[in-house]
Amino acid sequence: MQNLYNNRIANRSRPPSHHNRNTLTKKQIPKIASKSSNPPLVEELLRNLIKVGEDRISRMVDASLASDYLYKEFCSNTGSEGIIRRMVAAKVLTDDAMSGGRFKRRPCQFVSARYTSENGGQIQQVTLLNGGWVAVDPSVKAGTEGRKFASLAEDSVPSATKDSENISNVRIQPRVFTAADERVAHRLECLAMGDVWKEEGYGGENEEQRLELDVREALLRMNLPLNPEGATEALIRIGRWSESERDRSQRKKSTVEPWPPEVLEAARALARYENGRREMLAKKCFSAKSKNADLEGRVNLSLLPCVCIDAKRASFRDDSIGIRLRSSTGRNVNKAASKWEILIHIADVSDLYFHEEKANSNVIIPNEDGLNIQVLRQAAERRGQSRYDLPLGPLHLLPPVALEALSLSTNQNKVPNRCVTLWAYIDERNGKILEAGLERSVISSPLAMSFADATTLLTSGVDEIPSAMTNTKSVLAVAERNLSLWSTRHRQTNKAAEQRENRLATREKIAFELSTSVETERDDGAGGSFQRSRAHRLVDSSLDLYAFALGALMKRANEPIPRAAGSGADRGGRLGTAPLRRYIDGLAQRQALSVLCDYGIPLSPNECREAASAATQASNEITNLRSTKAINGSRKPLSQRNKHQISALHKLNRHLISTGGINNQRQVNAISTGRNNEIVIEGVGATARLKGVGNLVGGEKLLVQVLDIDPEKGWLDVRLA
């Protein structure tokens with residue numbers, strides 16, 4: 001039904017065809033109606049005609065049209081099946097008109113009648129304006145959805161008393177969330193974590209106007225302030241978030257959890273189960289009889305060293321790199337090519353994504369008191385992906401206690417990790433993949449390193465590092481050599497890989513310019529910290545190889561795999577590499593194991609499409625929020641009130657005073673950042689919006705003229721020179 005609504009609204013926004021350009025306007029209606037015998041009736045009729053539209057720009061929807069969207073298979077409208085379909089479509093439209101906010105009922109309207117004689121008699125003909133359902137304006141729809149969302153809080157009656165001190169004692173009665181409700185809830189979550197207020201600070205009437213209409217209507221109807229605190233309270237009222245202390249006067253921010261109680265309870269149960277499971281695997285892996293031990297059907301790689309390279313701030317690590325002698329596998333060795341296999345390990349979370357009906361005898365369904373896998377799976381689907389760019393903290397895919405239990409345990413002695421391992425045999429003469437495969441594995445606890453430490457280790461000589469790090473350096477050196485050769489070949493033979501490399505190079509260049517004004521100790525790409533050190537390139541190449549080889553293996557098996565929009569092979573997108581951060585990657589991992597490792601029953605093509613659609617919808621909601629923020633933010637200087645921008649503007653101002661710019665025209669070189677019409681001034685790192693232009697391609701070099709600059713106020717006004 002949303003697709004039907006979008007179609008009607010999209011048609012309405014298109015310009016009329018040539019033969020309809022001189023159609024009736026609202027201003028003409030009173031004049032035309034005044035010439036009729038019944039002006040009020042004619043005026044009402046004509047206004048309804050304009051609202052509904054005509055021909056291809058009509059907003060009118062009937063049951064026949066709606067049935068075409070509800071049913072994909074062809075069916076004749078004359079048979080009983082066609083009648084049943086139209087009845088179902090009419091019921092769906094009626095329900096939507098009552099609660100969905102997208103359509104409203106418009107009855108038939110009398111136009112005229114013809115009688116057998118001038119003084120009356122029998123009716124020969126009656127003319128009616130056909131009725132149906134009309135697609136409402138997007139603003140009306142958003143307001144309706146916001147008010148409807150607020151009504152959810154009226155049904156939120158906890159079964160426990162309000163003075164409960166334990167989250168687990170509070171139970172909110174279950175309710176059904178529509179797609180619109182989920183969208184509003186997601187926007188409220190982002191607002192609660194400070195997303196909309198990121199640039200301008202809290203409060204102010206302009207800030208309230210920047211909120212999405214559905215969010216604003218929901219908060220106003222619930223009598224809550226239009227700020228993060230109000231959004232937090234709204235989420236608690238509807239049961240999407242929870243708090244451990246019910247005394248509002250004593251509530252602290254740390255007591256609020258961005259999850260409902262049932263999800264938190266399931267997460268704690270999962271942690272207990274995973275810890276017990278890890279202990280059992282440890283006894284089998286590291287015992288004297290480990291060679292013949294049953295490790296859930298997994299390959300025992302616990303005796304091989306591996307390294308986990310990630311950002312210093314990383315809380316949950318889900319990938320590591322290792323190597324293995326090809327001869328130890330029993331597979332053919334080409335001595336002229338290489339003696340090593342590259343191992344890329346990804347944390348195995350697939351058990352969360354198996355429905356019982358899709359699990360065969362070899363699938364392990366977690367079992368623990370209080371553990372509800374379906375609740376966790378649905379929570380991950382709703383959230384879609386983790387967000388680490390929010391001012392007030394991250395929003396994780398799952399509660400941290402669950403992510404910690406599922407992530408790789410690092411720097412521990414004799415602690416195993418369940419992984420999905422891709423092995424690749426790369427020809428060291430030309431970087432070609434000779435063979436690759438996927439296996440369920442158990443690995444040892446990886447050595448955790450930051451990007452900086454790994455880069456230092458790679459660049460240091462053997463005599464410059466501690467003896468305890470010699471093996472680690474050897475592992476990284478072999479992996480880097482093989483992955484670098486493959487990556488170079490991949491860019492030469494794959495256009496998508498080449499384009500992705502160009503995008504990353506552009507992003508690195510922009511980050512370098514911004515680094516002149518932004519001092520940050522972060523190394524995860526956030527806050528202007530994007531960089532491509534040797535360790536960064538090593539990890540990127542390993543994950544690129546994992547995604548590329550996995551896609552090739554699935555294609556060879558002629559089986560589908562869930563992919564989010566924009567992550568296809570034509571974009572060089574990742575696949576199954578971040579199951580702790582992206583819901584779609586967990587499903588991709590589960591599908592890969594079913595197809596390539598005979599672990600569970602594979603998803604059907606339709607199930608893969610539905611999963612991809614759900615992931616894309618969650619991603620689009622985030623994208624729409626960011627786009628709205630960027631558009632609204634253009635009314636004021638772009639984030640120019642922070643100390644880094646002010647420092648950059650002072651530096652630029654000194655340059656302009658001393659040189660007068662290029663040719664004394666206050667002209668400076670700039671680079672577009674790829675975010676709408678934003679540019680960064682080369683050499684100083686100041687950012688600004690470029691006047692009079694639309695969206696710019698990232699990395700485009702420009703010559704701009706400085707029209708106005710005020711470092712103290714953070715103001716920079718520029719245009720193309």
Side-chain angles (χ1 to χ4, degrees), residues 307 309-310 319-323 334 336-338 340-346 422-438 451 454-455 458-459 475-513 523-525 529-556 561 563-578 582 585 588 671-674 697-701:
V307 185
I309 305 173
D310 213 327
D319 60 86
S320 66
I321 303 171
I323 57 176
N334 184 342
S338 178
W340 299 105
E341 283 185 352
I342 303 301
L343 304 178
I344 305 167
H345 312 291
I346 304 295
L422 178 99
W423 58 266
Y425 189 36
I426 298 174
D427 192 333
E428 293 189 29
R429 296 169 298 184
N430 54 26
K432 182 180 179 181
I433 299 178
L434 300 177
E435 194 177 1
L438 199 72
F451 289 112
T455 299
L458 285 168
T459 55
V475 170
L476 293 182
V478 172
E480 183 186 39
R481 182 174 68 249
N482 281 264
L483 290 170
S484 178
L485 288 168
W486 172 82
S487 184
T488 300
R489 178 186 177 88
H490 188 50
R491 291 195 299 271
Q492 293 172 349
T493 58
N494 187 291
K495 186 176 180 180
E498 180 186 9
Q499 292 174 340
R500 185 174 186 273
E501 172 65 21
N502 293 336
R503 292 195 299 269
L504 291 176
T506 297
R507 187 179 175 189
E508 182 182 24
K509 187 173 184 179
I510 293 170
F512 174 78
E513 294 296 337
D523 57 354
D524 56 358
S529 64
F530 182 80
Q531 52 188 287
R532 302 180 75 197
S533 64
R534 287 181 65 176
H536 283 90
R537 292 175 182 271
L538 173 60
V539 173
D540 282 345
S541 296
S542 68
L543 298 180
D544 288 344
L545 173 61
Y546 188 101
F548 175 79
L550 180 58
L553 290 170
M554 293 296 292
K555 184 177 182 180
R556 185 185 306 169
I561 190 166
R563 282 184 181 269
S567 65
D570 59 332
R571 290 275 297 175
R574 300 276 173 82
L575 181 66
T577 58
R582 294 192 293 265
D585 279 8
I671 304 175
S672 60
T673 65
V697 177
E700 184 178 354
K701 290 189 174 183

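Side chains are part of it too, since the values below use all heavy atoms of this structure and drop only hydrogens, waters and symmetry mates.
Atom CD1 in Ile433 sits 12.0 Å away from atom CG in Leu485 (nearest 0.5 Å). Taking CD1 of Ile426 as the start and CD of Glu341 as the end, the distance is 10.0 Å to the nearest 0.5 Å. The CD1 atom of Ile321 lies 13.0 Å from the OH atom of Tyr546; values are rounded to the nearest 0.5 Å. To the nearest 0.5 angstrom, Ile342 atom CD1 is 11.0 Å from Tyr425 atom OH. Note that CG of Leu422 and CG of Leu550 are 7.0 Å apart. Values are rounded to the nearest 0.5 Å.
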Could you go through Glu700 and Ile671, starting from their C-alpha distance and side-chain angles, then the distance that decides it, and tell me whether this counts as side-chain contact (heavy atoms from CB on, under 4.5 Å)? CA-CA 6 Å; Glu700 184 178 354; Ile671 304 175; over 6 Å; no
Check against side-chain contact (heavy atoms from CB on, under 4.5 Å), Leu538 and Arg534: CA-CA 6 Å; Leu538 173 60; Arg534 287 181 65 176; over 6 Å; no
side-chain contact (heavy atoms from CB on, under 4.5 Å) for Arg429 and Asn334? Distances and angles first, verdict last. CA-CA 11 Å; Arg429 296 169 298 184; Asn334 184 342; 3.9 Å; yes
When you look at Asp540 and Arg532, which way does the salt bridge (Lys or Arg N to Asp or Glu O under 4.0 Å) test go after all the steps? CA-CA 9 Å; Asp540 282 345; Arg532 302 180 75 197; 5.1 Å; no
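Inspection of the Ser541 and Arg537 side chains reveals no N or O donor paired with an N or O acceptor under 3.5 Å. Side chain to side chain, His536 and Ser533 meet the donor-acceptor criterion of an N or O pair below 3.5 Å.
Side-chain contact between Met554 and Leu575 is absent, with no heavy-atom pair separated by less than 4.5 Å. Inter-residue side-chain proximity for His345 and Asp319 is flagged as unmet; no heavy-atom pair is nearer than 4.5 Å. No side-chain heavy atom of Asn482 sits less than 4.5 Å from a side-chain heavy atom of Ile323. The closest side-chain heavy-atom distance from Ile561 to Lys555 is not below 4.5 Å. Side chains of Lys495 and Gln499 form a contact here, defined as non-hydrogen atoms less than 4.5 Å apart. Using a 4.5 Å cut-off on side-chain heavy atoms (C-beta onward), Trp423 and Glu435 make contact.
The shortest non-hydrogen separation linking Ser338 to Glu428 is OG-OE2, 2.8 Å. Looking at every heavy atom in both residues, Gly437 comes nearest to Leu553 through CA-CD1, 4.0 Å. Summarising the geometry of Ile346 relative to Thr577, their closest heavy-atom pair is CD1-O, 3.8 Å, with the distance given to 0.1 Å. The two residues Ser542 and Leu483 make their nearest non-hydrogen contact at CB-CD1, 3.8 Å. Considering all non-hydrogen atoms of both residues, Leu545 and Ala424 come closest at CD2-CB, 4.0 Å. Nearest heavy atoms, Gly576 versus Asp585: N-OD1, 3.4 Å.
With Ser487 as the fixed residue, the side chain to side chain donor-acceptor pair (under 3.5 Å) test singles out one of His490, Arg489, Arg491: Arg491.
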